[in-house]
Amino acid sequence: MRGSATDPKATAGHRRARRTAGAVASAALLLPLLGAAPSGTAPQASSAQLQRAFATAAADYHVPQSVLLAVSYLQSRWDAHAGAPSVSGGYGPMHLTDARTAIAEAPHHSEGTEDARGDSSRAALLPVALVPENSELPARLKTLTKAAELTGLSAEQLRTDAAANVEGGAALLAAAQQGLGEPLSDDAADWYGAVARFSGADDSATAATYANDVYDVIHEGEERFTDAGQQVALAAQPEVSPDTAQLRRAGLRTASADDTECPESVACEWVPAPYEEFGEGDYGNHDLGDRPASQSIKYIVIHDTEGTWDGVLKLVQDPTYVSWNYTLRSTDGHIAQHVKAKDVAWHAGNWYINAKSIGLEHEGFLASPDAWYTEEMYQASARLVKYLSMKYAIPLDRQHIIGHDNVPGPTTSTIPGMHTDPGPYWDWQHYFTLLGHPFHRTTKPAGGLVTVLPDFDKNQPVYTGCVTKDEPCAAHGSSEVRLYSQPDETSPLIKDIGLYPKGDASTIGVNDVASRVSTGQRYAVAGHDGDWTAIWYLGQKAWFKNPKKQPTAVNASGLVVTPKDGLKEIPVYGRAYPEKEAYPTGVPVQSVSPLPYKLLEGQRYAVGDKVPGEYFYAPTFDTAPHKVVIGTDMYYEIQFGHRVAFVRAADVKVLPSHS
């Protein structure tokens with residue numbers, strides 16, 4: 001069909017009359033790959049149904065099937081998510097966006113009162129981000145409407161029916177190809193410009209990065225079982241050589257990458273956060289520093305933005321707001337850098353963590369009723385994190401690559417207000433696989449530790465409150481595992497006295513992190529009972545179901561801390577601040593205030609790092625008095641609950657976990 005000028009708006013009847021022959025012919029190209037299911041994945045009835053939908057849509061709209069499959073893989077990895085939207089309002093395997101529908105009733109994903117700066121030396125900044133009107137949303141967040149116009153299918157069909165969604169994506173690609181004046185060719189090499197336009201990017205660098213990623217999928221091939229048990233495969237076609245010159249005719253802007261600290265493998269532009277005074281000695285929205293010369297960078301914190309790209313960029317350019325280092329766009333993986341790594345952004349709600357970290361915000365909001373992230377965003381984020389990890393010697397593990405939901409409250413009073421993004425639907429195992437450090441068993445016999453590692457798609461604990469308070473969220477794969485007070489799912493959930501100081505019970509709310517652990521986190525084993533494993537968690541023995549047939553954790557070994565001999569209990573801290581003797585004249589001594597938890601005699605907790613007490617004094621716009629105070633008192637970072645915590649080295653002894 002090379003050179004065909006078939007109208008992608010052909011009638012539904014005409015399209016469906018052509019389907020049978022086209023589907024059979026196209027599906028035949030993929031038969032060699034449709035063999036046994038991947039290990040650990042059970043096929044379901046009609047497991048090739050989605051594969052046939054790709055073949056049919058490709059034939060109907062004269063889009064090469066390899067292009068359609070590769071674009072869909074970069075959007076969703078072919079998952080349909082039962083018709084639920086992504087964090088940026090995208091639906092189905094093609095991630096057709098209808099953001100206004102997705103966020104119409106969605107609440108702010110965390111209702112806490114967290115001060116992003118996390119330091120009492122200045123007042124908290126807590127502005128409210130408003131849900132945008134449909135007219136304010138960019139075209140890239142409204143592609144489903146365009147697909148409905150092209151196909152004649154209803155918006156509801158495109159949102160909930162995977163085959164219809166694939167048809168909508170094919171129609172958009174064909175329209176993009178014709179919009180560039182290119183023929184509806186059957187040669188995948190001829191579709192580079194259309195793929196770039198499909199990304200929704202408004203700049204040539206991002207569009208090119210997206211298109212290159214799509215063609216990498218075509219070159220290397222992919223196959224997997226989707227979240228609905230559908231077997232989909234794309235045979236490798238390394239010989240395809242795309243016509244990259246088409247991009248010059250796409251009419252996209254040139255975004256400047258000058259001044260950015262990004263790897264060459266991503267599209268990145270400089271959108272600076274302001275360092276400005278705005279009256280009465282107040283200033284924003286970050287602090288100038290000299291990292292890593294003045295203080296090391298230990299952490300990368302993963303956030304979601306709780307708003308759309310355009311709105312969030314306005315916020316980070318507001319000196320009265322807060323800041324972070326990078327924002328990543330959902331639909332095309334585009335990255336904007338706002339704060340240099342040498343400077344300290346205000347993002348994590350804990351000043352110690354802020355001073356030691358780089359913050360990455362991923363475009364998203366807790367859309368109703370789901371919260372999945374595009375593959376292109378995962379890949380762009382992983383490339384950036386690998387680059388930062390290498391540049392600043394940050395270990396690629398869950399003790400140093402943490403979610404905002406893993407950042408501890410710096411003091412007792414701040415714990416209830418700490419944020420909980422990116423939430424239980426962020427796929428940590430997939431993310432670390434992209435980082436080149438997948439989680440796995442590290443010791444065959446019991447090594448005294450476990451690494452939390454549920455099968456993301458099969459692990460579907462019930463959460464409530466995604467849309468309506470106390471109402472169940474849609475069933476969805478999760479990175480998190482629930483904890484109980486006894487080896488019994490009818491027993492009470494583990495309590496968190498910091499989060500619920502009045503003794504209230506933990507809940508299964510989507511933002512309640514009191515009684516759950518997350519993929520990649522390591523905990524010391526406290527016992528076994530049949531299919532159940534106990535760990536030490538927040539000073540308690542906490543149980544989770546861990547059956548051999550579908551384990552939710554694997555054996556690990558490493559270092560643990562426990563109270564020194566003779567100590568019945570020791571304090572736990574949310575920040576590693578220096579001893580008072582370390583502070584020079586003119587720098588106020590910061591309280592080393594313990595959290596309400598205790599690490600008790602006989603309990604063990606996995607060690608993440610050993611660090612000196614450290615405080616970055618930066619209370620004024622004038623940087624002259626700024627100073628990094630480093631003490632001699634040492635701390636161990638530990639995995640204490642869902643969030644990390646710190647204990648003084650003087651209070652503990654360090655042991656191998658298997659001892």
Side-chain angles (χ1 to χ4, degrees), residues 108 110-130 259 270-291 294-295 297 301 303 305-307 310-327 336-361 404 407 409-419 421 574-575 577 583-591 593 614-629:
H108 184 291
S110 177
E111 297 178 352
T113 56
E114 176 192 290
D115 169 20
R117 192 175 194 269
D119 182 27
S120 58
S121 68
R122 57 167 294 136
L125 299 173
L126 300 169
V128 176
L130 301 176
D259 296 324
W270 178 240
V271 182
Y275 184 69
E276 296 178 9
E277 282 189 293
F278 51 86
E280 298 183 2
D282 214 347
Y283 70 99
N285 56 12
H286 60 280
D287 280 294
L288 302 184
D290 188 26
R291 304 185 308 177
S294 61
Q295 52 187 327
I297 301 172
V301 182
H303 305 258
T305 60
E306 303 157 29
D310 297 316
V312 167
L313 258 58
K314 290 178 182 177
L315 292 176
V316 80
Q317 294 176 85
D318 179 352
T320 68
Y321 196 59
V322 294
S323 63
W324 46 93
N325 299 83
Y326 299 88
T327 304
Q337 184 178 5
H338 313 295
V339 177
K340 296 289 188 181
K342 73 179 186 65
D343 299 326
V344 176
W346 304 348
H347 62 98
N350 182 316
W351 184 239
Y352 174 80
I353 299 294
N354 279 341
K356 307 287 291 181
S357 70
I358 293 171
L360 275 59
E361 288 276 6
H404 196 174
V407 175
T411 61
T412 296
S413 64
T414 63
I415 295 173
M418 296 299 289
H419 283 192
D421 56 303
R575 54 194 183 187
Y577 274 179
Y583 290 84
T585 301
V587 178
V589 174
Q590 300 299 302
S591 172
S593 58
E614 190 170 309
Y615 174 63
F616 179 36
Y617 180 60
T620 61
F621 181 76
D622 177 9
T623 61
H626 290 194
K627 188 174 291 293
V628 176
V629 181

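Side-chain atoms are counted along with the backbone in the values below, which use heavy atoms only and exclude waters and symmetry mates.
Looking at Pro410 and Met418, their side chains come closer than 4.5 Å, going by heavy atoms from C-beta outward. A 4.5 Å side-chain heavy-atom check between Ile297 and Lys356 finds every atom pair outside the cut-off. Residues Tyr577 and Tyr352 meet the side-chain proximity criterion, which asks for heavy atoms closer than 4.5 Å. You'll find the side chain of Val301 stays beyond 4.5 Å of the side chain of Ile358, heavy atoms only. Two residues are said to be in side-chain contact when any heavy atoms from C-beta on lie closer than 4.5 Å; Arg575 and Thr411 meet this criterion. Thr305 is not listed as a side-chain neighbour of Trp324, based on a closest heavy-atom distance of 4.5 Å or more. Within the 4.5 Å cutoff, the side chain of Thr320 has no heavy atoms near those of the Asn285 side chain. Ser593 places none of its side-chain heavy atoms less than 4.5 Å from the side chain of Thr412.
With hydrogens and angles left out, the side-chain atoms of His338 and Ser323 include no donor and acceptor closer than 3.5 Å. The closest side-chain donor-acceptor pair between Asp622 and Thr620, if any, does not fall under 3.5 angstrom. Under 3.5 Å, the side chains of Ser357 and His347 contain a donor-acceptor pair of N or O atoms.
Note: Lys627 NZ to Ser294 OG = 11.5 Å, rounded to the nearest 0.5 Å. Atom OH of Tyr326 is separated from atom CD of Gln337 by 3.5 Å, given to the nearest 0.5 angstrom.
Using a distance-only test at 3.5 Å, with no hydrogens or angles considered, a donor-acceptor pair links the side chain of Asp343 to the main chain of Gly289. Not one N or O on the side chain of Gln295 forms a donor-acceptor pair closer than 3.5 Å with the backbone of Arg291. Within the 3.5 Å criterion, the main-chain N or O of Gly359 finds no donor-acceptor partner in the side chain of Glu361. Panel note: side chain Trp351, backbone Phe616; a donor-acceptor pair is recorded below 3.5 Å. With hydrogens and angles disregarded, a donor-acceptor distance shorter than 3.5 Å links the side chain of Asn325 to the backbone of Val339. Of the possible polar contacts, none joining the Asp287 side chain to the Ala345 backbone as a donor-acceptor pair under 3.5 Å is found. In this structure a side-chain-to-backbone donor-acceptor pair under 3.5 Å is present from Asn354 to Ala116.
Every residue was checked against the ring pair (Phe, Tyr, Trp, His ring centres under 6.0 Å) condition with Tyr583, not counting sequence neighbours, and none meets it. When the side chain to side chain donor-acceptor pair (under 3.5 Å) test is applied to His286, no partner is found at least two apart in sequence or on another chain.
Taking each heavy atom of Glu276 and Pro319 in turn, the nearest pair found is OE1-CG, 3.6 Å. Taking both residues in full, the closest heavy atoms of Ala348 and Ile353 are given as CB-CG2, 4.0 Å, listed atom of the first, atom of the second, then distance.
Checked against a 6.0 Å centroid threshold, the rings of Tyr275 and Tyr283 count as neighbours.
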Run Val629 and Glu614 through side chain to side chain contact (heavy atoms under 4.5 Å, CB included) and show every step you take.
CA-CA 6 Å; Val629 181; Glu614 190 170 309; over 6 Å; no
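Applying the 6.0 Å contact sphere to NZ of Lys314 captures no more than 12 heavy atoms from other residues, nucleotides or ligands.
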